[in-house]
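Since we're looking at a predicted model, the values are computed, not measured. These numbers come from the heavy atoms of this one structure, side chains and all, not from hydrogens, waters or symmetry mates.
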Amino acid sequence: MGRHRRSQEREMNQAEEQLNQMLVEGGYRDQIKERLIEKLEEAGWKDQVRMACRDVVKERGLEKITIEDLVQEITPTGGQLVPDRIRMELLAEVREYIEQQAED
């Protein structure tokens, strides 16, 4: 089972690298990133993350926290705060792009 699992992980990593390469080469990665930024701003995500940062700094103390500590602590929260609607919209766009590329 161990070999099989490692093989699957390796295949997944290769597929992810190929997908990323396809998105970068086609210029689509930058486009999707810009759309993500726009949608997050519209949803008020930045404000939510800013408030979460303030809470962490208040809790730990300004003198006792570094930027690196703050980023490490807030990153999972930031990911959880992304609305599912936005995740699903962008995932659908990426799928559509991949399907179009496969047809060409």
Side-chain angles (χ1 to χ4, degrees):
M1 172 102 174
R3 280 187 190 168
H4 182 67
R5 185 176 189 144
R6 283 192 299 270
S7 176
Q8 283 181 324
E9 287 176 10
R10 198 175 6 219
E11 288 176 15
M12 288 296 291
N13 288 339
Q14 288 173 345
E16 188 176 325
E17 287 174 18
Q18 288 174 341
L19 173 59
N20 193 41
Q21 184 177 356
M22 180 193 325
L23 294 174
V24 169
E25 288 175 358
Y28 193 70
R29 187 169 188 262
D30 289 337
Q31 292 174 23
I32 205 80
K33 183 178 175 182
E34 288 301 316
R35 266 202 291 293
L36 173 62
I37 291 169
E38 288 173 17
K39 290 178 182 293
L40 290 175
E41 286 178 4
E42 289 170 4
W45 177 85
K46 247 185 188 176
D47 295 329
Q48 292 175 330
V49 171
R50 187 176 298 120
M51 289 182 352
C53 287
R54 285 184 185 154
D55 291 344
V56 170
V57 170
K58 241 185 210 181
E59 180 183 305
R60 298 209 17 212
L62 185 58
E63 298 80 25
K64 297 179 182 179
I65 193 167
T66 65
I67 294 293
E68 292 81 15
D69 293 339
L70 183 59
V71 168
Q72 189 173 26
E73 189 160 336
I74 289 297
T75 298
T77 302
Q80 292 170 353
L81 290 173
V82 175
D84 287 338
R85 173 186 53 81
I86 293 174
R87 288 178 197 268
M88 299 311 283
E89 286 175 15
L90 294 178
L91 181 59
E93 289 179 26
V94 171
R95 280 188 179 141
E96 184 178 325
Y97 176 79
I98 291 169
E99 289 171 1
Q100 289 174 353
Q101 296 304 304
E103 291 173 1
D104 293 342

Under a single-linkage definition using a 4.5 Å side-chain heavy-atom cutoff for Ile, Leu, Val, Met, Phe, Trp and Tyr, are I37 and Y97 assigned to the same hydrophobic cluster? no

Working for side-chain contact (heavy atoms from CB on, under 4.5 Å), residues L23 and I32: CA-CA 9 Å; L23 294 174; I32 205 80; 5.8 Å; no

If Ile, Leu, Val, Met, Phe, Trp and Tyr residues are connected whenever their side-chain heavy atoms lie under 4.5 Å apart, and connections chain through other members, are I98 and Y28 in the same group? yes

To the nearest 0.5 Å, how far apart are CG in D84 and CD in E89? 11.0 Å

To the nearest 0.5 angstrom, please state how far the CD atom of E59 sits from the CD1 atom of I65. 8.5 Å

Considering only NZ, NE, NH1 and NH2 on the basic side and carboxylate oxygens on the acidic side, decide whether K58 and D55 come within less than 4.0 Å. no

Walk me through whether N20 and R29 qualify under side-chain contact (heavy atoms from CB on, under 4.5 Å). CA-CA 8 Å; N20 193 41; R29 187 169 188 262; 3.1 Å; yes

Can you get from M88 to L81 by hopping between Ile, Leu, Val, Met, Phe, Trp and Tyr side chains that sit under 4.5 Å apart? no

Would you give the length of the straight line joining atom CD of E41 to atom NZ of K46, rounded to the nearest 0.5 angstrom? 4.5 Å

Mark yes when over 12 heavy atoms from residues, nucleotides or ligands other than E16 sit less than 6.0 Å from its CD; otherwise mark no. no

Determine whether L90 and K39 make a side-chain contact, defined as any pair of heavy atoms from C-beta on separated by less than 4.5 Å. yes

Between T66 and L70, is any pair of side-chain heavy atoms under 4.5 Å apart? no

Closer than 4.0 angstrom, basic N to acidic O: yes or no for R60 and E73? yes

Could you tell me whether the side chain of W45 and the main chain of G78 form a donor-acceptor pair under 3.5 Å? yes

Steps toward side-chain contact (heavy atoms from CB on, under 4.5 Å) verdict (E68, Q72): CA-CA 6 Å; E68 292 81 15; Q72 189 173 26; over 6 Å; no

When you group the ILVMFWY residues by side-chain heavy-atom contacts below 4.5 Å and let the links chain together, are I74 and I67 in the same group? no

For T75 and V71, which heavy atoms make the closest approach, and how far apart are they? OG1-O, 2.5 Å

Test side-chain hydrogen bond (donor to acceptor under 3.5 Å, both in side chains) applied to Q21 and E25, Q18, E17, the passing residue: E25

CD (E9) with more than 12 external heavy atoms under 6.0 Å: yes

Is the closest basic N to carboxylate O distance between E99 and R95 below 4.0 Å? no

